[in-house]
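The figures here come from the full heavy-atom set of this structure, side chains too, leaving out hydrogens, waters and symmetry mates.
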Amino acid sequence: MRSLTYLHKMIVYGILLSTLPILLTGIAAFLYSSHQMESHRIQENQQLLSQMQSNVEHKLATVSYMLDQATRSPVTIQSLSSPHLSPKQAIANKLQSEFQHMRSWEPLMDITLVNQTQDWLIDHAGLYLNTDFPLSLPMKDLLSNTLTSGWQLVPSSLFNNQERMKSSGCNYHIALARSIQTINNETNSALIAGIPACSLQTPSEAKDTNSSASGLIIVNREQRIIAHPDPSYMGKPLAATGLNNSDTGVSLSEQLSPASLPASSSYGELRTSDQHYSMVYSQSPLKGWSYILVTPMNILNREYIQVALHTMYISIGMLLLSLLLSWLGSKRMHTPIRRLLSQVGIKEQVAATATSSLQVDSEISMDEFEQIRAGVSQLSASRSQLENKLNHYVMQTRNHSLMNIFLGNYPPTKLQHILNEQGYASKLKHWQHITVITIQADLVNHAKYSSQDRELLLFAIQNMLEETILPELQLLPIVIEQTVVTVIGTYETDSDEFTKQLYAQTEQLQRRVQDLLSLQISIGISQSYSSLLEVHQAYTEAIEALQHRLKLGTGVIIPYKTVKTHISHGSMAYPESFEYELIQAIQSVDGTEAISMLHQLLEYVFNMESTPEEYQLMLMRLLTRILLMMQEVGVPLGQITIGQSSMFRELFTLQSAAEVEQWFTQRIIMPIVTILKERQYAQYPHISEKIIALIQQRYDTDLTLEECAALLHYNANYLSGVFRKETGCSFSEYLTKHRFTIAKKWLEETDLTVKDIAARLRYNNPQNFIRSFRKWEGITPGQYRERKRRAGYVQEGRSFGK
């Protein structure tokens, strides 16, 4: 992804600088407008609820007043005093006219006079006798409930008449009942007045569309719904609506309970399973009714959307204007930068390198100032890189030259020229004595380092060597075949003093490597020479001295003059007995015994006074014998050399007795033991079965273990160990047991003489067969035959007796 140019960054910064205030202002304006709209809506709904509550209570007060007037009316009392009332009587007409007059004050009011004693009732529509209008009015219950609870919610069927039956009407009325006391108190009569519950729902004046979309819910003391926008909820408990508080989740019936309802009106939000409402409610102090005004939130959200769209249009206009101004201003401010780029030739440089897509992309991805900085940095980096390469080439050339000097690849005339070229002319001229030291790291059985760390450790030792010895007293140390090599010289004429200084310096280097790296090193020191032209001979001596680590161990300083006299003057006594026992332990798959015998063999070898070449010769002989044993037992060499170098080459690189023992153990012996052990589990039972089969087939021949080994293509010693492990006895013991089993069978079932049996079983002397038979069975062959025959006669006699 390409980064922005400086021009684009200026444009973006200008846009952000102007956009953020506009966005913040728009958001603040929207939030403020929304808050004001919310407050205004709450106030408006509270006013609407107050107006609707006043209208309802005014209607109810009017109906109550009319009912009280009718109760005290002389016409009402006179009608009840008449023994028999008929539609043609004047009193009935007066009472009907009076009820119609009352409806002029409240058109929706229904009022009925009931006389249960004479079984008639009258309302504004006319007089109904029991034959015309069956009386099912629960007057006593209505009077009782009115006295205790006031207004009651009753079915509209109580006020049914011909006029009402034609209209749809409501299912419920809000009703009051008054008993009438006459002079003789003998009548059982009452006045019942009510208005349809649906008439309480519609407000008298709708100020706007939101108000007309609101609905009024009226709940009495018992939380039964008296009025509801949906008539099907009338008469049901408030909990049946499923309205819950959106914030707390508390149901509306619990929220409006007497224990939690506040005296003053309040605001809240309600939610059902599929709708969200805004709510304003209040409680009537006289009747104990709760008035709830609910408004769908989707109606209210339209106002928020209008405000948001209006704010967005204004903000977009201001943003477009800011974008235009930011673009024009940034272009004008970028003019000096473009001139600078043109003067320094950045554009020309990019165009010239357009053939390389990678370089063009990297330059285009930078802004203008970064391109200028990158151009200057590139020049500096190119200079540093060139210097580093030159220094690296110089170092490589010097190392190569020193390596050829140590290896003796230069003639004397060229050697002096090379030393002068490398800056060693002064040392070549003024050094009185020189010597070569060789250093190797002892990593065998090291807990912290492994062979993979050798190169890094040699580099560290090389640096420590440079710091330990003064630069004017040494040549540059180099690494040749895992060995740090350097030349140390002196201006002293006394060679003994030079030797003492050399020992002190090498011991100091050993201690420093041990302290910093926790690593032991071995150092080989050549003899002292008077000229740098003899470096090759000194290097050869130092390497040869270091080879004596095979005997001396690790962490040693080995001067060549102390080991050059160790020359063997006789033939070496190779430990063949140890080798034989080692081979037997490997063939027997006894890893512990094999490691023990290897330790004893190597301890014997390195205790002999021999040269490093003689030590290597004995180790090569041991390795060759182990590899021949592998071939004899049928283990391919490739199974232990997969992905590895030549074993003999690896053997020549070993530097100490401990490293030799570790190499033979981990690289040779234990892999062979593991392969043979795996083969045991798979092949031993199969091999033993084949040997037993041969014994059973050729028991009457001069069968030997060597003959079985030749037939099965295995080594005889290997077969002997396998057979003993599987059967618990040797080959000869098993063959003898099987022959005696055959002999006993012949003694029991045939008339062959003991001499013939001995001859068939390959015994040259019958007496040897008799002695062996007595040894295994405890009796002679003749006694065995006689015992078996007598046991047979006894068995036949018993059978005959039966």
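Once rounded to the nearest 0.5 Å, the distance linking OG of Ser522 with CD of Gln510 reads 7.0 Å. The distance from atom CD1 of Ile557 to atom CD1 of Ile521, rounded to the nearest 0.5 Å, is 8.0 Å. For the atom pair OG1 of Thr397 and CD of Glu421, the computed distance is 10.5 Å after rounding to the nearest 0.5 Å. Interatomic distance, Tyr560 OH to Ser526 OG, rounded to the nearest 0.5 Å: 10.0 Å. Atom CD1 in Ile543 sits 4.5 Å away from atom OG1 in Thr438 (nearest 0.5 Å). From Ile469, atom CD1 reaches atom CG of Leu475 across 11.0 Å, with rounding to the nearest 0.5 Å.
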- Step by step, work out the side chain to side chain donor-acceptor pair (under 3.5 Å) result for Glu661 and His599. CA-CA 7 Å; Glu661 183 173 354; His599 178 75; 3.1 Å; yes

- Item | Test side-chain contact (heavy atoms from CB on, under 4.5 Å) applied to Gln696 and His738, step by step | CA-CA 8 Å; Gln696 293 175 352; His738 184 71; 3.7 Å; yes

- Item | Test side-chain contact (heavy atoms from CB on, under 4.5 Å) applied to Gln514 and Arg511, step by step | CA-CA 5 Å; Gln514 179 66 36; Arg511 290 193 300 269; 5.6 Å; no

- Item | Test log, rule side-chain contact (heavy atoms from CB on, under 4.5 Å), inputs Ser450 and Leu443 | CA-CA 6 Å; Ser450 63; Leu443 297 179; over 6 Å; no

- Assess whether side chain to side chain donor-acceptor pair (under 3.5 Å) is satisfied between Thr490 and Glu492, documenting all intermediate values. CA-CA 5 Å; Thr490 183; Glu492 296 284 344; 5.5 Å; no

- Query: Run the side chain to side chain donor-acceptor pair (under 3.5 Å) check on Ser495 and Ser528 step by step: do they pass?
  - Reply: CA-CA 7 Å; Ser495 61; Ser528 176; 5.8 Å; no

- Message: If you apply the rule side-chain contact (heavy atoms from CB on, under 4.5 Å), what do you find for Ile525 with Ile558, and how did you get there?
- Response: CA-CA 6 Å; Ile525 305 175; Ile558 311 172; over 6 Å; no

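Minimum interatomic distance between Val479 and Gln462 (heavy atoms only, all atoms of both residues): CG2-OE1, 3.6 Å. In this structure, Gln432 and Thr493 approach most closely via the heavy-atom pair CG-CG2, 4.1 Å. Phe731 and Leu705 make their closest contact through CE2-N, 3.4 Å (heavy atoms, listed as atom of the first residue, atom of the second, distance). In terms of heavy-atom proximity, Leu651 sits nearest to Phe664 at CD1-CE1, 3.9 Å. What you find for Ile418 and Ser401 is that their closest heavy atoms are CG2-CB, 3.9 Å. The two residues Ala594 and Ile586 have their closest heavy-atom pair at CB-CG1, 4.0 Å.
Residues forming a salt bridge (charged side-chain N to carboxylate O under 4.0 Å, His left out) with Glu733 (at least two apart in sequence, or on another chain): none. By the salt bridge (charged side-chain N to carboxylate O under 4.0 Å, His left out) test, Glu387 is found to be paired with Arg383, residues two or more places apart in sequence or in another chain being considered. In terms of the salt bridge (charged side-chain N to carboxylate O under 4.0 Å, His left out) criterion, residue partners of Arg762 (sequence neighbours excluded) are, by chain and number, Asp702. For Glu576, the salt bridge (charged side-chain N to carboxylate O under 4.0 Å, His left out) partners two or more places apart in sequence, or in a different chain, are Arg621.
Side-chain atoms of Ser720 do not come within 3.5 Å of backbone N or O of Ala716 as any donor-acceptor pair. For Lys427 (side chain) and Gln474 (main-chain N/O), a donor-acceptor pair under 3.5 Å exists by modelled atom type. Checking side-chain atoms of His430 against main-chain N and O of Ser426 turns up a donor-acceptor pair under 3.5 Å. Judged by distance alone, the side chain of Ser688 and the main-chain N or O of Phe723 form no donor-acceptor pair under 3.5 Å. A distance-only check finds a donor-acceptor pair linking the side chain of Thr736 to the backbone of Ser732 [under 3.5 Å]. In this structure, the side chain of Asn420 engages the main chain of Gln416 through a donor-acceptor pair within 3.5 Å. Between the Asp442 side chain and the Gly555 main chain, a donor and an acceptor come within less than 3.5 Å of each other. Side chain of Thr540 to backbone of His536: a donor-acceptor contact under 3.5 angstrom is found. At least one donor-acceptor pair closer than 3.5 Å links the side chain of Thr483 to the backbone N or O of Glu481. Under the 3.5 Å distance criterion, the side-chain polar atoms of Asn463 are left unmatched by any main-chain donor or acceptor of Ala460.
Dense packing is recorded around CG of Asp515, with more than 12 heavy atoms of other residues, nucleotides or ligands lying under 6.0 Å away. In this structure, Phe648 places its CZ atom where more than 12 heavy-atom neighbours from other residues, nucleotides or ligands lie under 6.0 Å away. Dense packing is recorded around OH of Tyr491, with more than 12 heavy atoms of other residues, nucleotides or ligands lying under 6.0 Å away. Counting heavy-atom neighbours within 6.0 Å of Gln537 CD, excluding the residue itself, gives a total above 12.
Using bins of under 30°, 30° to 60° and over 60° for the plane-to-plane angle, the ring pair His433/Phe498 lands in the parallel bin.
Side-chain N/O atoms of Tyr539 and Glu544 include no donor and acceptor closer than 3.5 Å. A side-chain donor-acceptor contact under 3.5 Å links Tyr574 and Glu579.
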Check: residues 500-508 side-chain donor-acceptor pairs under 3.5 Å, at least two apart:
from: Thr506; atom 1: OG1; to: Leu502; atom 2: O; distance (Å): 3.0
from: Thr506; atom 1: OG1; to: Tyr503; atom 2: O; distance (Å): 2.9

Indicate every side-chain donor-acceptor pair of residues 403-410 with a distance under 3.5 Å to a residue at least two apart or in another chain.
from: Asn404; atom 1: OD1; to: Asn409; atom 2: ND2; distance (Å): 2.9
from: Asn404; atom 1: ND2; to: His400; atom 2: O; distance (Å): 3.2
from: Asn404; atom 1: ND2; to: His400; atom 2: NE2; distance (Å): 3.1
from: Asn404; atom 1: ND2; to: Tyr410; atom 2: OH; distance (Å): 3.2

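A 4.5 Å side-chain heavy-atom check between Pro575 and Val605 finds at least one atom pair inside the cut-off. Counting only heavy atoms from C-beta outward, the side chains of Glu466 and Leu476 approach each other to under 4.5 Å. In this structure, the side chains of Ile461 and Leu519 come closer than 4.5 Å at one or more pairs of heavy atoms. Using a 4.5 Å heavy-atom threshold, the side chains of Leu623 and Trp663 count as touching. For the pair Asp590/Gln584, no side-chain contact is recorded, criterion being any heavy-atom separation below 4.5 Å from C-beta on. Under the 4.5 Å side-chain criterion, counting only non-hydrogen atoms from C-beta, Leu465 is in contact with Val484. Contact annotation: the side chain of Leu532 approaches that of Val535 to within less than 4.5 Å [non-hydrogen atoms, C-beta and beyond]. Using a 4.5 Å cut-off on side-chain heavy atoms (C-beta onward), Met464 and Leu517 make contact.
A salt bridge links Arg698 with Glu707: the distance from a Lys NZ or Arg NE/NH1/NH2 to an Asp or Glu carboxylate oxygen falls below 4.0 Å.
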